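The block underneath contains the structure these notes are about, expressed in structure tokens.
Keep in mind that what you see is a predicted model, and the values were worked out from it rather than measured.
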Amino acid sequence: MKTFPNKLTKKVDQRKESSALRKLSEQNNLVDFSSNDYLGFASSSIIFDRSHQLLIEKKIYQNGATGSRLLSGNHKLYTKTEKILADFHNTEASLIFNSGYDANVGFFSSVPQRGDLIFYDELIHASIRDGIQMSNAKAYKFAHNDLENLRWHIERSRNINNNDKEIYVVTESVFSMDGDSPDLKGFVDFCESNGYYLVVDEAHATGILGEKGVGLLQQLGLENQVFARINTFGKALGCHGAVILGSEKLKGFLVNFARSFIYTTGLPPHSLATIQSAYQELQSTTEIEKLHQNIQFFNKKIETTNLKSRFIESNSAIHCCIVSGNENVKNIATKIKELGFDVKPILSPTVPKGKERLRFCLHSFNSKEEISEVLELLATFVSK
């Protein structure tokens with residue numbers, strides 16, 4: 001057998017040299033400032049027990065879906081769950097995918113057609129970029145949250161000789177690596193007035209923003225003015241899977257052409273039961289309010305610790321302290337970890353070189369004392 005390919009070895013070595021090599025780590029018992037479990041739903045015994053009871057009541061004793069949804073895997077919980085999601089998110093139709101990655105890859109690889117144009121925020125999630133790369137449409141990035149830059153790029157593209165082209169504009173309601181949000185009303189108005197199709201990923205807004213966690217678009221009353229929304233369940237909902245929200249026509253198209261939907265085994269019944277139970281919990285939980293209290297406290301604390309200038313402005317659950325250099329940010333993260341707090345360093349090339357950062361994910365279960373202590377430690381380390 002041949003040794004490991006030289007080209008692959010070189011790529012790994014390059015990552016090591018730039019202090020950017022990724023490794024899997026074990027779960028720990030540190031104070032959690034790193035997970036996406038914003039509301040603590042992932043470990044909720046209420047949701048766990050409710051999901052189990054739902055399956056018992058429906059007499060569903062099945063571990064797997066048995067096949068893709070177009071073959072044998074479209075079990076009866078799918079129809080009920082998609083109806084719940086469509087009603088909750090005030091949309092005509094919903095289609096569940098196995099993950100947010102599958103949803104974005106499936107949508108962007110199939111919906112924009114050859115000759116169409118995609119304009120995407122430069123900080124868009126990797127799953128969207130991967131889907132765009134698989135598309136036959138041409139794609140251009142615009143400056144982060146910059147509507148005028150988007151306008152300029154679209155105007156510049158008008159010399160493309162294609163009268164049949166459609167234009168898709170892609171952004172997120174809360175960006176995963178900055179925690180900030182675009183002017184969604186401005187984007188909606190711009191796209192509506194020009195006949196463009198706006199697509200918004202709400203992964204880090206679902207369960208957090210809006211009444212009962214409906215998301216930022218619904219909070220702003222804009223949900224019916226976008227072409228598609230991608231909402232995921234692996235963050236605040238604490239379970240697994242994702243949904244694309246839109247029209248019945250869009251759902252029918254995706255069922256026929258989204259390869260990540262067509263050619264994969266469906267989610268098992270237990271996953272669908274957990275999604276239903278998590279959404280039911282959103283109706284009455286006090287965790288969303290606790291989370292927002294912690295966000296407000298965190299923002300006040302970075303002022304009193306003189307850290308505000310280092311943080312990207314955010315009113316979401318994601319807060320990022322810029323610490324330039326992979327080695328620098330890893331060293332500070334290690335020191336904080338040694339003192340009991342799990343804060344992850346985000347390295348280049350995940351973020352641009354020079355914009356490396358410590359990413360603080362806030363949760364409803366973080367105490368004010370924990371927030372105060374970790375920020376006071378951070379202030380000590382970055383001042384050295």
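A donor and an acceptor atom, one from each side chain of Ser94 and Glu82, are nowhere located under 3.5 Å apart. Side-chain contact, Asn6 with Thr9: no donor N or O sits under 3.5 Å from an acceptor N or O. Side-chain contact check for Asn104 and Asp201: at least one donor-acceptor pair (N or O, by modelled atom type) lies under 3.5 Å. For the residue pair Ser72 and Thr66, a side-chain donor N or O sits within less than 3.5 Å of a side-chain acceptor on the partner. Using modelled atom types and a 3.5 Å distance limit, the side chains of Asn326 and Lys353 yield no donor-acceptor pair. At a cut-off of 3.5 Å, with distance as the only test, no side-chain donor of Gln219 or Glu211 sits close to an acceptor on the other residue.
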### Task
Give the intermediate values and the outcome of side-chain hydrogen bond (donor to acceptor under 3.5 Å, both in side chains) for residues Arg22 and Thr350.
CA-CA 11 Å; Arg22 297 182 176 100; Thr350 300; 2.8 Å; yes
### Query
Please walk me through it: do Leu347 and Val329 pass side chain to side chain contact (heavy atoms under 4.5 Å, CB included)?
CA-CA 8 Å; Leu347 314 175; Val329 72; 3.4 Å; yes
### Query
Step by step, would you call Ser35 with Asp32 a side-chain hydrogen bond (donor to acceptor under 3.5 Å, both in side chains)?
CA-CA 7 Å; Ser35 81; Asp32 183 5; 2.6 Å; yes
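For the pair Glu356 (side chain) and Gly325 (backbone), a donor-acceptor distance under 3.5 Å is present. Judged purely by atom type and a 3.5 angstrom limit, Glu370 uses its side chain to pair as donor or acceptor with the backbone of Ser367. Of the possible donor and acceptor atoms, one in the side chain of Asn328 sits under 3.5 Å from a partner among the backbone N and O of Ser324. Although no hydrogens or angles enter the test, the distance criterion places a donor-acceptor pair under 3.5 Å between the side chain of Arg359 and the main chain of Ser176. The main-chain N or O of Leu267 is never found under 3.5 Å from a side-chain atom of Ser271 such that the two would form a donor-acceptor pair. The backbone N or O of Ser277 sits nowhere less than 3.5 Å from a side-chain atom of Ser51 that would complete a donor-acceptor pair. Between the Glu369 side chain and the Asn366 main chain, no donor and acceptor come within less than 3.5 Å of each other. In this structure, Thr171 contributes its side chain and Asp121 its backbone to no donor-acceptor pair below 3.5 Å. Panel note: side chain Ser348, backbone Pro352; no donor-acceptor pair is recorded below 3.5 Å. In terms of modelled atom types and a separation under 3.5 Å, the side chain of Ser364 and the main chain of Leu291 share no donor-acceptor contact.
In terms of heavy atoms, Pro349 sits closest to Arg15 at CG-NH2, 3.8 Å. Between Ile322 and Gly354, the shortest heavy-atom distance links the atoms CG2-O, 4.2 Å. The shortest non-hydrogen separation linking Cys320 to Ile318 is SG-CG2, 4.0 Å. The minimum heavy-atom distance between Ser109 and Met134, with the atom names listed, is CB-CB, 3.7 Å. For the residue pair Ala379 and Thr305, the shortest heavy atom distance occurs at CB-O, 3.9 Å. Shortest non-hydrogen contact noted between Ser181 and Val174 is OG-CG2, 3.7 Å.
Other residues, nucleotides and ligands contribute more than 12 heavy atoms inside 6.0 Å of the CZ atom of Phe4. The local environment of NZ in Lys141 is sparse, with at most 12 non-hydrogen atoms from other residues, nucleotides or ligands closer than 6.0 Å. More than 12 non-hydrogen atoms from other residues, nucleotides or ligands lie less than 6.0 angstrom from CZ of Phe297. Lys185 NZ: 12 or fewer foreign heavy atoms inside a 6.0 Å radius. No more than 12 heavy-atom neighbours from other residues, nucleotides or ligands sit within 6.0 angstrom of CD1 on Ile46.
For Tyr101, there are no ring pair (Phe, Tyr, Trp, His ring centres under 6.0 Å) partners two or more places apart in sequence or in a different chain. Contacts of Phe41 classified as ring pair (Phe, Tyr, Trp, His ring centres under 6.0 Å), with partners at least two apart in sequence or in another chain: none.
Contact check on Glu287 versus Lys290 returns a salt bridge, with a Lys/Arg side-chain nitrogen under 4.0 Å from an Asp/Glu carboxylate oxygen. The pair Glu376-Lys301 counts as a salt bridge, with a side-chain nitrogen and a carboxylate oxygen less than 4.0 angstrom apart. Salt-bridge check for Lys344 with Asp342: passed, with a basic side-chain N closer than 4.0 Å to an acidic carboxylate O. Ion pair Arg151/Glu148 flagged as a salt bridge, since at least one NZ, NE, NH1 or NH2 atom sits closer than 4.0 Å to an Asp/Glu carboxylate oxygen. The pair Lys308-Glu313 does not count as a salt bridge, with every side-chain nitrogen at least 4.0 angstrom from each carboxylate oxygen.
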Please tabulate, one pair per line, all N/O donor-acceptor pairs under 3.5 Å involving side-chain atoms of residues 227-240, not counting sequence neighbours.
from	atom 1	to	atom 2	distance (Å)
Arg229	NH1	His89	O	3.2
Arg229	NH1	Gln218	OE1	3.1
Arg229	NH2	His89	O	2.7
Asn231	ND2	Thr206	OG1	3.1
His240	NE2	Asn98	O	3.1

Contacts under 3.5 angstrom, residues 252-260 side chains, donor-acceptor by atom type, not counting sequence neighbours:
from	atom 1	to	atom 2	distance (Å)
Asn256	ND2	Gly252	O	2.8
Ser260	OG	Asp102	O	2.6
Ser260	OG	Gly106	N	3.3

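Put simply, the side chain of Asp13 does not reach to within 4.5 Å of the side chain of Lys11, judged on heavy atoms. Lys76 is listed as a side-chain neighbour of Ile60, based on a closest heavy-atom distance under 4.5 Å. You'll find the side chain of Thr81 reaches within 4.5 Å of the side chain of Leu85, heavy atoms only. Side-chain contact between Asn331 and Glu327 is present, with heavy atoms from C-beta onward closer than 4.5 Å. Between Val199 and Val169 there is no side-chain heavy-atom pair separated by less than 4.5 Å. Residues Ile154 and Phe190 are in side-chain contact: their nearest non-hydrogen atoms beyond the backbone lie under 4.5 Å apart. A 4.5 Å side-chain heavy-atom check between Ile208 and Ile288 finds every atom pair outside the cut-off.
The salt bridge (charged side-chain N to carboxylate O under 4.0 Å, His left out) contacts involving residues 87-97 comprise Lys83-Asp87, where partners must be two or more places apart or lie in separate chains. Applying the salt bridge (charged side-chain N to carboxylate O under 4.0 Å, His left out) definition to pairs two or more places apart or across chains, those involving residues 170-184 are Asp178-Arg357.
Atom-to-atom distance recorded for Lys251:NZ and Thr91:OG1 is 10.5 Å, nearest 0.5 angstrom. To the nearest 0.5 Å, atoms CG (Leu378) and NZ (Lys335) are separated by 11.5 Å. Leu282 contributes atom CG, which lies 7.0 Å from atom CG of Leu39 (distance to the nearest 0.5 angstrom).
Taking the six-membered ring for Trp and the full ring otherwise, the centers of Phe175 and His144 sit less than 6.0 Å from each other. Residues Tyr168 and Phe119 keep their aromatic ring centres 6.0 Å or farther apart.
In this pair, His363 and Phe365 present their aromatic rings parallel. The plane angle is below 30°, not in the 30 to 60° band. Relative ring orientation between Phe360 and Phe298 is described as tilted, the plane-to-plane angle lying within the 30° to 60° band.
Because its NZ or CZ atom is both nearer than 6.0 Å to the ring centre of Tyr78 and within 45° of the ring axis, Arg69 counts as a cation-pi partner of that residue.
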